[in-house]
Amino acid sequence: MNALASAIEPTNYRPSEDEPFMNERQLAYFKAKLLAWKDEILRESKGTVVNLKAETENHPDLVDRASSESDRALELRTRDRQRKLISKIDEALRRIEDGSYGYCEETGEPISLGRLEARPTATLSVEAQERHERRERVHRDD
């Protein structure tokens with residue numbers, strides 16, 4: 001499937017409801033999409049490291065220093081979120097390899113292609129996700 005994944009460009013193909021669910025072509029499409037997303041995040045994070053190293057200057061003005069520290073904290077929080085996202089992307093890639101990608105972890109039913117297109121790391125169908133969020137709200141209110 002690796003050769004197939006590199007042969008299908010995300011711009012040349014879009015999964016369709018008219019074809020068998022999670023066929024080789026769809027799996028290759030989502031694998032390419034996930035790998036491209038991961039590469040983009042890694043490229044951005046390398047830029048962040050370079051910027052953080054370059055911006056080690058000491059600002060004599062307290063307002064400038066506070067602004068710089070605030071920017072740095074925001075950048076580090078963003079990178080932490082992206083680190084967690086890379087973990088989810090890696091989990092999705094493992095599901096592609098083991099054949100469970102595209103199926104709801106809760107019900108075993110297929111996750112809609114539209115949902116996977118919008119959120120390729122999704123593990124729950126829309127209905128299961130809504131139930132999960134309702135349960136979270138109920139328990140949070142207790």
Side-chain angles (χ1 to χ4, degrees), residues 1-59 62-142:
M1 183 165 77
N2 291 341
L4 185 59
S6 60
I8 295 177
E9 290 294 318
T11 56
N12 298 338
Y13 167 77
R14 289 280 186 252
S16 163
E17 301 287 341
D18 299 337
E19 57 189 325
F21 187 71
M22 285 303 126
N23 61 55
E24 263 191 54
R25 197 167 185 197
Q26 287 182 355
L27 289 171
Y29 169 83
F30 284 111
K31 183 174 185 175
K33 184 175 181 110
L34 288 161
L35 288 171
W37 194 11
K38 181 178 176 179
D39 288 345
E40 179 184 336
I41 293 169
L42 291 173
R43 257 193 323 278
E44 287 175 7
S45 68
K46 286 178 186 171
T48 298
V49 171
V50 169
N51 288 341
L52 289 176
K53 284 182 180 178
E55 198 177 298
T56 56
E57 61 195 60
N58 191 4
H59 298 287
L62 289 177
V63 174
D64 288 344
R65 187 178 309 159
S67 176
S68 178
E69 289 299 318
S70 176
D71 291 347
R72 183 183 310 243
L74 177 62
E75 189 69 36
L76 291 173
R77 278 195 310 272
T78 301
R79 291 298 152 230
D80 186 50
R81 274 191 227 107
Q82 289 182 330
R83 179 187 55 79
K84 292 173 185 171
L85 180 56
I86 286 175
S87 176
K88 288 182 178 186
I89 291 171
D90 287 340
E91 289 171 18
L93 291 168
R94 277 192 292 279
R95 288 193 308 276
I96 287 174
E97 294 304 320
D98 73 18
S100 63
Y101 182 81
Y103 294 91
C104 180
E105 289 182 344
E106 195 173 286
T107 65
E109 295 293 316
I111 298 172
S112 73
L113 290 174
R115 177 160 169 75
L116 290 171
E117 186 71 45
R119 188 179 206 81
T121 57
T123 59
L124 298 173
S125 65
V126 172
E127 297 80 13
Q129 183 68 38
E130 288 172 349
R131 282 192 302 274
H132 176 75
E133 289 173 3
R134 274 195 301 275
R135 282 192 302 266
E136 274 187 349
R137 271 195 303 271
V138 167
H139 292 296
R140 186 179 57 220
D141 292 341
D142 288 347

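Note that CZ of R119 and CG of L124 are 10.0 Å apart. Values are rounded to the nearest 0.5 Å. Atom CD of E19 and atom CD of E17 lie 9.0 Å apart (nearest 0.5 Å).
Shown are R134, Q129, E133; of these, the side chain to side chain contact (heavy atoms under 4.5 Å, CB included) with R131 is made only by R134. With respect to P15, the side chain to side chain contact (heavy atoms under 4.5 Å, CB included) criterion is satisfied by exactly one of R25, Q26, M22: Q26.
D80 and R77 are not joined by a salt bridge, as no carboxylate oxygen comes within less than 4.0 angstrom of a charged side-chain nitrogen. Salt-bridge check for E106 with R135: passed, with a basic side-chain N closer than 4.0 Å to an acidic carboxylate O. Look at D90 and R94 and you find no salt bridge, because none of the NZ, NE, NH1 or NH2 atoms lies under 4.0 Å from a carboxylate O.
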Any chance you could lay out the side chain to side chain contact (heavy atoms under 4.5 Å, CB included) test for V126 and E130, step after step, and finish with the verdict? CA-CA 6 Å; V126 172; E130 288 172 349; 3.6 Å; yes
Dump the intermediate steps for side chain to side chain contact (heavy atoms under 4.5 Å, CB included) on I111 and T123, then the final yes or no. CA-CA 8 Å; I111 298 172; T123 59; 5.5 Å; no
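Across P120 and K33, no two heavy atoms sit closer than the pair CG-CE, 3.7 Å. A122 and R95 make their closest contact through O-NH2, 3.6 Å (heavy atoms, listed as atom of the first residue, atom of the second, distance). The two atoms that bring G108 and Y103 nearest to each other are O-CD2, 3.5 Å, heavy atoms only.
Of the N and O atoms on the side chains of R14 and Y29, at least one donor lies less than 3.5 Å from an acceptor on the other residue.
Note: Y101 and F30 have tilted aromatic rings, judged against thresholds of 30 and 60 degrees for the angle between ring planes.
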